[in-house]
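Here the structure comes first, spelled out in structure tokens, and everything after it is commentary.
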Amino acid sequence: MTATKETFFKPAKMSAQEKAAQTDATARDILAAEVQAREKKTERLRALRMAQPVESQPTKAAKSRTRKAVAQHP
């Protein structure tokens, strides 16, 4: 292994703009990966839903109409 400047010294500090650009690029990569994963999951779930047999319209349960007892005022 040869001794070089890079092995003994830290590289120069990044400027604020370079650091912001790097952070922005990293955040955009993370967001893009999340979007891609969400779309993949959505397509998978949509395919499963479409593969299920079609049922007739579900019947809604009729609400029971009960009257509340009215309190008598003296």
Side-chain angles (χ1 to χ4, degrees):
M1 182 171 171
T2 59
T4 61
K5 180 180 175 183
E6 288 80 27
T7 60
F8 291 110
F9 301 105
K10 292 183 180 179
K13 288 190 177 184
M14 295 174 63
S15 71
Q17 289 177 339
E18 290 174 341
K19 195 170 187 178
Q22 183 182 16
T23 303
D24 184 54
T26 304
R28 289 181 188 271
D29 290 343
I30 292 170
L31 290 174
E34 289 175 351
V35 167
Q36 185 179 15
R38 183 174 59 241
E39 288 175 351
K40 183 178 176 182
K41 181 180 177 181
T42 301
E43 288 299 320
R44 181 180 59 86
L45 292 174
R46 183 175 287 135
L48 288 173
R49 187 175 64 238
M50 293 299 186
Q52 290 180 347
V54 178
E55 296 179 9
S56 62
Q57 293 291 332
T59 57
K60 293 184 179 180
K63 291 184 178 180
S64 62
R65 295 185 178 223
T66 58
R67 294 183 180 229
K68 293 183 180 180
V70 178
Q72 297 284 334
H73 292 289

When you check the gap from the basic side-chain N to the acidic O, do E43 and R46 get nearer than 4.0 Å? yes
Using 0.5 Å steps for rounding, measure from the CG atom of L31 to the CZ atom of R28. 8.5 Å
State, to 0.1 Å, how close M14 and Q22 come at their nearest heavy-atom pair, and which atoms those are. CE-OE1, 3.1 Å
